[in-house]
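Lettering follows sequence order; numbering is per chain, from 1.
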There are 2 protein chains.
Amino acid sequence: MVTKTKAAKAATLPLNQILDGDCIEVMNSLPAESIDLIFADPPYNLQLRGDLHRPDNSKVDAVDNDWDQFDSFKIYDRFTKDWLAAARRLLKPNGAIWVIGSYHNVFRMGAELQNQGFWILNDVVWRKSNPMPNFRGKRFTNAHETMIWASKQEASKYTFNYEALKALNEGVQMRSDWVLPICTGHERLKDENGDKAHPTQKPESLLHRVLVGSTNPGDVILDPFFGTGTTGAVAKMLGRDFIGIEREEAYRKVATKRLSKIRKFDKEALEVTQSKRAEPRVAFGVLVERGMLRPGEELWSQNGRHKAKVRADGTLIGDDIKGSIHQVGAHLEGAPSCNGWTYWQFKRDGQKVPIDLLRQQIRAEMAQQH
Amino acid sequence: MVTKTKAAKAATLPLNQILDGDCIEVMNSLPAESIDLIFADPPYNLQLRGDLHRPDNSKVDAVDNDWDQFDSFKIYDRFTKDWLAAARRLLKPNGAIWVIGSYHNVFRMGAELQNQGFWILNDVVWRKSNPMPNFRGKRFTNAHETMIWASKQEASKYTFNYEALKALNEGVQMRSDWVLPICTGHERLKDENGDKAHPTQKPESLLHRVLVGSTNPGDVILDPFFGTGTTGAVAKMLGRDFIGIEREEAYRKVATKRLSKIRKFDKEALEVTQSKRAEPRVAFGVLVERGMLRPGEELWSQNGRHKAKVRADGTLIGDDIKGSIHQVGAHLEGAPSCNGWTYWQFKRDGQKVPIDLLRQQIRAEMAQQH
DNA sequence: TTTGCGCGTGAATCTTTTC
DNA sequence: GGAAAAGATTCACGCGCAA
């Protein structure tokens with residue numbers, strides 16, 4: 001394979017720059033088959049109705065930017081089709097793309113990727129360790145976003161740094177679900193007023209894993225929805241070249257300043273990646289879901305004086321009380337608190353056994369995975 | 001709302017049966033708006049090939065030389081469109097659907113759900129605690145599947161047992177990512193040869209969470225791709241009615257045997273933690289009528305910063321405002337809304353107590369009368 | 001200097017009933 | 001059917017400040 005020198009590459013490509021303009025037009029102005037990897041975080045087309053307030057009455061600062069508004073699925077689909085086609089033309093034959101989205105748009109992107117002949121390699125779930133809760137209690141906490149990783153075509157010999165990712169993951173093969181915190185604190189860029197500079201800034205840890213896994217040093221990475229430049233920042237740290245496209249002046253300005261401060265091989269993002277692990281917490285309800293205890297089954301207190309029945313939602317019902325294993329135990333003992341795991345016992349083969357034994361079984365299973 | 005009796009329901013619907021045949025034809029033979037929830041795990045191995053028609057209605061031959069990737073998408077989309085339309089017709093106005101799939105098919109299903117007017121409520125990731133590793137080291141371990149939960153239409157008042165799921169999850173609201181093991185061991189059904197009876201048998205724990213969360217006892221649940229009947233088994237345990245459709249004789253046989261052994265849990269165990277919304281309404285004025293609070297008595301805000309006087313008609317009067325407990329609270333806090341029941345406190349024996357306590361007393365009395 | 005508490009906030013398709 | 005009122009509802013963190 002012929003590898004262009006850095007100088008030859010720079011002659012034809014505007015490397016390590018942020019290009020101003022509409023992403024489709026700008027992409028169409030770049031040479032075909034020149035890009036190794038594309039990372040794209042397009043508008044999600046959220047369809048928000050009224051305002052939303054937290055239970056403490058504070059107002060949620062929603063994504064209500066003009067750039068996220070589309071009048072119909074048809075118009076959004078047209079947009080998706082056009083930018084994906086432009087992106088595909090730019091990819092080298094062995095190139096690949098990552099797109100990220102939520103249920104509002106990701107199904108439409110995924111279907112269009114397939115329609116255009118991209119070859120899906122994985123869908124990868126970013127499980128947020130600290131998502132915004134569902135304030136009204138009407139749905140599940142929206143705790144993840146979905147990324148799709150696809151090569152340009154089925155025959156592409158795409159880059160996958162299996163061993164590097166395995167090393168990042170404490171020696172175990174990297175899975176399709178990644179637990180990472182959202183972008184907050186010092187990493188979150190602010191504007192002159194101290195407000196967030198961009199409503200949807202992605203964490204560097206996410207891009208770190210994407211770029212370590214699917215590019216090599218010297219590769220050219222294109223981000224057609226550059227925003228405040230997380231892709232460029234991580235690419236620079238990791239010794240990759242980037243091209244950003246962004247049509248909003250304010251975002252370009254923030255990104256330019258950010259990039260000027262980045263040094264290659266900055267280790268900070270990496271440390272975040274590894275230190276944030278989801279602690280395995282075992283809910284009593286899991287024992288019921290998994291059939292280790294059955295709804296209707298009786299539990300006895302350690303002292304043998306009380307009993308209670310298991311319900312389908314993982315609560316207990318006693319003579320005059322319903323609630324969690326801890327609440328019911330405390331109530332029956334007239335105590336301010338109670339550790340239900342050690343208090344309650346179930347019967348197996350005529351023997352009474354603490355339910356904590358079942359929790360230990362689940363924890364052992366979970367531990368096997370690391 | 002008119003609720004059909006069990007007998008009336010059974011007269012029109014083939015409850016708790018496995019129907020033989022093509023799922024679309026069978027669904028079209030059932031009465032419209034008769035189903036509360038649909039759970040669908042459609043096939044996505046493109047072996048549908050031999051049983052499907054092209055959009056122009058020509059039959060696809062099993063050894064079709066013209067067959068390519070794009071033909072297969074078209075045919076799969078046609079199939080998806082048809083079964084989803086049939087499913088939507090069957091749903092009651094407040095009904096909902098769950099579909100499950102992997103990146104091979106879930107994007108196409110999600111887009112078609114949106115196209116048909118279903119309203120996506122969440123995408124939920126089933127994170128497998130024990131997935132099959134990726135042996136070739138060329139991709140990420142495929143460690144999850146995606147479910148989409150959608151109501152029939154945007155206006156549907158879908159069922160969501162928020163408190164029950166919260167209880168199941170140790171008192172923290174349930175997230176969109178569920179960690180559950182795959183179906184193995186005794187739960188995994190075997191055929192006469194000791195081989196697995198079905199290639200993609202879903203774990204009962206998954207259906208347990210789906211059905212506890214989005215149905216009530218007595219609801220009718222349809223599974224158009226019944227397989228070995230996990231949906232039916234869990235529905236039966238949980239005191240729900242099911243209808244299964246399965247065209248493979250071998251699967252129907254295994255499922256029938258499986259279902260015959262299932263026992264419903266105790267009625268008591270099936271009652272789950274209820275939300276406050278399910279409680280009967282009590283007007284604040286009732287507390288005054290009953291003499292639990294006296295006209296002229298003072299109430300204090302939870303934060304101690306404000307006070308107001310009770311009036312004989314069950315309204316409050318503050319320094320510069322009169323109105324309901326909610327209106328006065330909201331005004332004093334400068335908030336868009338306020339739950340007066342938890343905001344206001346009254347004095348008894350020198351202690352400040354939330355007025356919600358009085359409401360609970362009344363509700364308890366009301367419950368006793370039934 | 002350390003610990004703890006209060007406050008702010010994050011890609012959100014986030015209510016139900018009565019008049 | 002539309003407007004208004006009633007009433008239900010949050011988790012994980014980072015930061016600043018007080019003790």
*Asks:* Using the side-chain heavy atoms of D41(A), tell me which of these nucleotides is nearest: dC14(C), dG14(D), dA11(C).
*Replies:* dA11(C)
*Asks:* Are OP1 or OP2 of dT13(C) and a side-chain N or O of N142(A) less than 4.0 angstrom apart?
*Replies:* yes
*Asks:* Using a strict heavy-atom distance below 4.0 Å, which residues from residues 106-126 of chain B are in contact with DNA chain D?
*Replies:* none
*Asks:* With rounding to the closest Å, how many angstrom separate the C1' atoms on dT13(C) and dA12(D)?
*Replies:* 23 Å
*Asks:* Sticking with atom C1', work out how far dC17(D) lies from dT1(C), rounded to a whole angstrom.
*Replies:* 15 Å
*Asks:* If the cut-off is 4.0 Å, is Y162(B) near the phosphate of dT10(D), judged by side-chain N/O to OP1 or OP2?
*Replies:* yes
*Asks:* On the nucleotide dC14(C), are OP1 or OP2 found under 4.0 Å from the side-chain N or O atoms that N134(A) carries?
*Replies:* no
*Asks:* Are side-chain N/O atoms of S301(B) and R305(B) paired as donor and acceptor at under 3.5 Å?
*Replies:* no
*Asks:* Does the dA11(C) base have a donor-acceptor partner in the side chain of K196(A) within less than 3.5 Å?
*Replies:* no
*Asks:* Quick one: which of dT9(D), dC15(D), dG10(C) gets closest to the side chain of M132(A)?
*Replies:* dG10(C)
*Asks:* Name the pairs: protein N/O against N/O of nucleotides 2-6 of chain D, kept only if under 3.5 Å.
*Replies:*
{"from": "dA6(D)", "atom 1": "OP2", "to": "S324(B)", "atom 2": "OG", "distance (Å)": "2.8"}

*Asks:* Counting a pair only when it is Watson-Crick or G-U and both distances are under 3.5 Å, which runs of at least 3 such pairs involve DNA chain D?
*Replies:* C:2-10 with D:11-19, C:15-19 with D:2-6
*Asks:* Using a 90° cut-off around 0 for syn, call dT13(C) syn or anti.
*Replies:* syn
*Asks:* With nearest nucleotides of DNA chain C determined for R54(A) and R49(A) from heavy-atom distances, which residue corresponds to the more 5′ nucleotide?
*Replies:* R54(A)
*Asks:* Could you walk me through whether D319(B) and K307(B) pass salt bridge (charged side-chain N to carboxylate O under 4.0 Å, His left out), step by step?
*Replies:* CA-CA 8 Å; D319(B) 283 344; K307(B) 58 184 183 175; over 6 Å; no
*Asks:* Among dC15(D), dG10(C), dA11(C), find the nucleotide with the atom closest to the side chain of H186(A).
*Replies:* dC15(D)
